[in-house]
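The figures that follow rest on heavy atoms only: side chains count, while hydrogens, waters and symmetry mates do not. Just follow the structure's listing: the first ligand is 1, and inside any ligand the first atom is 1.
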Amino acid sequence: MIIDGKSLSKEIQREIARFTSSLTDRRPCLAVILVGNDPASEIYVNTKTKTCAKTGILSVKDNLPSHVSEEILLQKIDELNRNPLIDGILVQAPLPSHINTNKINFAISPEKDVDGFHPVNLGKLMLNDDSGFIPCTPLGIRVMLAKNNISVKGKHVVIVGRSVIVGKPMASLLLQKGEGGDATVTVVHKHTPDLEQICREADILISATGMPGFIKGSMVKQGAVVIDVGINRVPCPDDVRGYKIVGDVDFDAVKEKCSLITPVPGGVGPMTIAMLLNNTVKSFTRRRPDLCKNTFSCY
Ligand code: GUN
């Protein structure tokens, strides 16, 4: 069976739109910074700002040239940190190699860090302190599993990939005590011997490698749940764009073995965006409780 991330994302977007339409003074506002002109990043950023507009969230976008200095980028972040009308700040990754991504993540105010990449927010995640922001992709996966009544408690979850955006915060989230946690987690990566064997032992397999077709049918246990985080472009002469988007998972082979699988597109991607909106509204409700007549139950 297929887990439909798109329709769940739409449902969350409707809840967010209901909340924002009850606001009379001002709307939540997300600031997005894009450095350079990577076509995939441009599409992601445009999807984020368009979805903001659909749900009554304001957004401001800054497109800086790829040669922009770290100093100018830090200045821009400082301005946004100080601006009381900005609730969330997102700097689209990846950044050009002359910019130190950690320095940028450290500079964003933790109260406006809707990506959850600031050390304070990553630290709170490790400490089981739910007052911070949780990175959008892991949070979206947790919500998607919960809404489909898939408990992770006591399950062996194998995460393929150890990125700061997905793998590491996903592991922390699944290890938390209580609701949505209590899993046994293994993180594997390119230096892991017996990676395929470990994947075969997973009750829930989460792949975030960025390598199309990496997860083959032979790497999946019968009846496992498979979560595909990959968003990869592969050439496709049949498509007018000349390419199509596929995940990390060899979908046709794996769907025969697993009990549940997320498609690409239409799985994790839309949930990441829903959680970005969720985090932006969460920031707004914390910063300006005086403006909120209705409550919004954030994830
Ligand atoms: N690049 C890929 N995923 C993400 C994300 O969740 N946030 C940001 N800022 N950049 C990304």
Any side-chain heavy-atom pair from [X] and [Y] closer than 4.5 angstrom?
{"X": "Ile43", "Y": "Arg233", "answer": "yes"}
{"X": "Val234", "Y": "Lys244", "answer": "yes"}
{"X": "Val152", "Y": "Val185", "answer": "no"}

So for ligand 1, is Gln92 a polar contact partner (N or O within less than 3.5 Å, distance only)?
yes
Based purely on interatomic distance, does Phe117 place a nitrogen or oxygen under 3.5 Å from a nitrogen or oxygen of ligand 1?
no
Give the contacting part of Cys136 toward ligand 1: side chain, backbone, both or neither, where contact means a heavy-atom distance below 4.0 Å.
neither
Answer with side chain, backbone, both or neither: which part of Val91 has a heavy atom less than 4.0 angstrom from an atom of ligand 1?
backbone
Look at ligand 1 and say whether Tyr44 reaches it with a heavy atom at a distance under 4.0 Å.
no
Quick one: does any side-chain atom of Asp87 pair with a main-chain N or O of Cys29 as donor and acceptor, under 3.5 Å?
yes
Quick check against the 3.5 Å criterion: does Asp248 have a side-chain atom that pairs as donor or acceptor with the backbone of Gly210?
yes
Heavy atom to atom 8 (C) of ligand 1, shortest distance: which of Thr137, Val32, Ile104, Asp115 holds it?
Asp115
Charged tip of Arg288 within 45° of Phe284 ring normal and under 6.0 Å:
no
If you draw a 6.0 Å radius around CZ in Arg241, do more than 12 non-hydrogen atoms from other residues or ligands fall strictly inside?
yes
For atom 1 (N) of ligand 1, what's the nearest protein heavy-atom neighbour? Residue, atom name and distance, please.
Ala93 O, 3.0 Å
Looking only at protein heavy atoms, which one is nearest to atom 3 (N) of ligand 1, and how far off is it?
Ile165 CG2, 4.0 Å
Under 4.0 Å from a heavy atom of Leu90: which atoms of ligand 1 are those, numbered in the order shown and with their elements?
9 (N)
